[in-house]
Every structure is written in C-alpha cells, then in structure tokens.
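Below is one structure, written out as structure tokens; the observations come after it.
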Amino acid sequence: MVNTITNPGTGNAKIRVGIIGAGNWAEYGHIPSLKLLPDYELTAVFSRDDNKAKDLAQRHGFKYAVTSLKELVEHPEVDFVLVLTPAPQHEEGIRAAIAAGKDVYCEWPLTPKRALSAELMELAEEAGVRHIVGLQRRLGPDYRYVRQLLADGYIGDLRSVRLHISVEYFKQLRMAALYYTVPEANFSSLLSIYGGHFLDVLFTHFGFPVTMNALTVNQFKEITIAETGVTQAHTSPDQVVLSGTFSNGAVLSVHLEAGKLNNYGLQLDLTGSKGDLKVYNSSSFGDTFNVIEGAQGEGQPLKVLRVPAEYNWLPATDMGGSAVELAHLYAAYARDVRERTALAPTFRDALKMHDVIEAIDASNRTGTRVTLT
C-alpha cells in the first residue's frame, strides 16, 4: 500500500503523525515543533516502555499510546512515521514504516552503515513513500540567509570557509542517556553526529569540497557513565581536523572538538574578495540562536545582520534555536506534501554525509588527501 495524504493546509486535513521513541529530543524538539505547525496532528506514540508512551500521550495530547511497532505503522490514522530511537535501532522502524506504505522521517545518523542506509533508501523509493532525514540545520533561517548573501555577492568571491565547533557534550564523564554514543559500532560519535549535522550545513549551502585531508584523534580512551560509575572503552574520535579546497580554489578548514568545558559553541567565518561574514553561537546545541555579522570593504567593523522575516516559515514561538531548526524541517516537509516541492532533506542526503565521513576516515587512516566525488 502506498500512502497518500490529503493536502495539509486545505480545509481540516492534517498530516497525522506516529512517533517511535519517547526520549528527551522527542519531547524537547519534535513534539513542540509538530504542535506549533497547523499542518500536523499528533496521533500515536510507541515506546518500548509502555508507561513512558502513555505518559507522553497524556501530557501532549496524542490520541493513542500503542503497544507495538506494528500497531503504530499500520494504524489507519497515521500518515507519517517518525523514527526517533538511537541510530542502531533506526533500521527496524524504517523498514516497518516502508512496509506499511507510510512516509517516514528518521533522525540522523540514518543507520550505522552506508550500505544499509542505501538499501533503505531504495526500499522507500520502490514503495513510493517519501523519506526524510533529520539534517535540519541546513533549513535554519540564518543559514539560508547567509547562503543568499553569498549568492548576492555580499562578500564577493568566496576565498575561505572556516568552521570551529566546540561541543559541550560527549565528555569523558557522560550521562546515561548518551550510552549509545560510546560504542564505535553505533556510529553516534562526535564525527558522525555533530560532524554530520554541521558539515551538511556547510556543503549544502557552500558546495562540497573537491579535495580534503583529515586528522581524527581519540583523547578519551575510556568513558565513565555518571549515574553508575561504569567505565567503558572508547575508540571514536573526540577531535577532528579537516582541510580542503573547493572547485573555485576557496580553502576549507574545520575543527570539531568534544567535551569542551568552557568557551564552547559555533564559529563560522566566510572570507570573500570584497568582505567578510561571521556566524557564531555560544552553544553547539540548545536554546541559543546564531548571530550573523558582516562587513563589506576593507578595515570595516563587523555589524550584526538581522535575518529578514521572509526566511522564517513558522508561527510565533518561544522555542530554542535547535528546536526552531527542526520545526523548519517539518514546515518544509508539509510544503513538500502540499506543493510537491523538495525542500526537506532525504535519505539521499544522508548517503552524501555517509560518503563524506567515509572519506574523512580514509584520509585519516592513510594519511593522504582524498578526492570527493
């Protein structure tokens, strides 16, 4: 069965949502985003913990707290399935949604393996269902505005892109809720999660580099779970340094670092032939919003650039910055359904990030510069 959704935004038709997983990000980001947008209706929720699902349904107005994955994906009042479990569990939810003919959203990382992600994308396309991946940062109004500034020639020809992400999470002492980020096989490390999200922003808006050289370093050889004191071996990188070149000769430099105790956040610097742009934030993930500054000409002070209202696709809200980015993804998907556009990132975009991360691993392993295709 191929799912068809009556156009949202016309009459009383809504996209009816079923959620798999009831973790912190579901409650902080996904549910408020869906409740904010008039295109959506919270229909069903499933968790391996029945009490958790019932509690979430009661507090947020889901019509049903179901007791099995099969019941959720096959529910006649569910149009759109959200897979919000940790990455190693994504495959099960995605396969079930596709088999039921339902459109499916899945958090990034899509799965721990590129081959598996590619297989699931092919299954979704064969079934004729829409597939969406949670690479939502690219849809933030600030990043889209910066892209337009570049296109309009605000800084002239792009000469360099420099990104520094200092992550206040993924410390050596780690909360139990992040247990799945420790084993390397889970593909849920600094590089795969934060690298995937922020590199997707860079390469979506500024183009993919032609060549790249990578260094990845694991400084935290062991991780201790704060609540239990249990210590586990840790082999994933917590420092990643990249350099590269774009097709126009512009230079790329990236530094990702996990477990930062102070002075964490984002800084993105774009150097052009006629000026400069800077995007910064005091958090790598959370409530704070990016600030954009720019200057044209030589020897000029940077000034704050406000994002024009037309870049905001949302009703008024007090949600934090990371949740607002996610809400823009849901606004994009609703428009895709309604207007047959292609704004929301898909499983194909997930494959591109798999390719980038595999290239980073290959460069670090061989000590050579790699060419991206």
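We're numbering straight along the sequence, starting at 1.
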Whether [X] side chain and [Y] backbone form a donor-acceptor pair below 3.5 Å:
{"X": "Asp336", "Y": "Leu343", "result": "yes"}
{"X": "Ser284", "Y": "Val167", "result": "no"}
{"X": "Lys14", "Y": "Pro38", "result": "yes"}
{"X": "Asn364", "Y": "Asp361", "result": "no"}
{"X": "Lys102", "Y": "Val78", "result": "yes"}
{"X": "Ser188", "Y": "Thr181", "result": "no"}
{"X": "Glu168", "Y": "Ser283", "result": "no"}
{"X": "Asp200", "Y": "Arg138", "result": "no"}

In the hydrophobic clustering (ILVMFWY, side-chain contacts below 4.5 Å, transitive), which residues join Val304, or is it alone? Tyr280, Val291
Members sharing Phe220's hydrophobic cluster, built from side-chain contacts under 4.5 Å between Ile, Leu, Val, Met, Phe, Trp and Tyr, are Val182, Ile223
Only one of Ile20, Leu82, Leu56 passes side chain to side chain contact (heavy atoms under 4.5 Å, CB included) with Val45, and that residue is Leu56
Do Val240 and Val251 sit in the same hydrophobic cluster, where Ile, Leu, Val, Met, Phe, Trp and Tyr count as joined when their side-chain heavy atoms come under 4.5 Å apart? no
Is there a chain of hydrophobic side chains (I, L, V, M, F, W, Y, each step under 4.5 Å between heavy atoms) that links Met121 to Leu123? yes
Taking every non-hydrogen atom, the tightest pair across Ile357 and Ser192: CD1-CA, 3.8 Å
Which pair of heavy atoms, one from Ser322 and one from Arg137, lies closest together, and at what distance? OG-NH2, 4.1 Å
Note: [X]-[Y] ion pair, threshold 4.0 Å (strictly below):
{"X": "Lys63", "Y": "Glu77", "value": "yes"}
{"X": "Glu41", "Y": "Arg16", "value": "no"}
{"X": "Asp50", "Y": "Lys54", "value": "no"}

Fit a plane to each ring of His164 and His255, take the angle between them on a 0 to 90° scale, and name the class: parallel (under 30°), tilted (30 to 60°) or perpendicular (over 60°). parallel
Between His30 and Tyr330, how do the two ring planes meet: parallel, tilted or perpendicular, split at 30° and 60°? perpendicular
Donor + acceptor pair across side chains of Glu27, His60 (<3.5 Å): yes
Would you kindly say whether Tyr143 and Asn290 are connected by a side-chain donor-acceptor distance under 3.5 Å? yes
For residues 115-126, which residue pairs qualify under side chain to side chain donor-acceptor pair (under 3.5 Å), counting only residues two or more places apart or in two chains? Arg95-Glu119, Thr111-Ser117, Ser117-His354, Glu125-His131, Glu125-Arg348
Could you note down all residue pairs passing side chain to side chain donor-acceptor pair (under 3.5 Å) where residues 263-276 supplies at least one of them, sequence neighbours left out? Ser160-Thr271, Arg162-Asp269, Gln267-Asp269
Do any side-chain atoms of residues 309-320 form donor-acceptor pairs under 3.5 angstrom with protein atoms, and if so which ones, sequence neighbours left out?
unit_1, atom_1, unit_2, atom_2, d
Asn312, OD1, Leu314, N, 3.3
Asn312, ND2, Leu314, O, 3.1
Thr317, OG1, Met319, N, 3.0

Arg48, CZ atom: more than 12 neighbouring heavy atoms under 6.0 Å: no
Once salt bridge (Lys or Arg N to Asp or Glu O under 4.0 Å) is applied, do any residues pair with Glu71, and if so which ones, sequence neighbours excluded? none
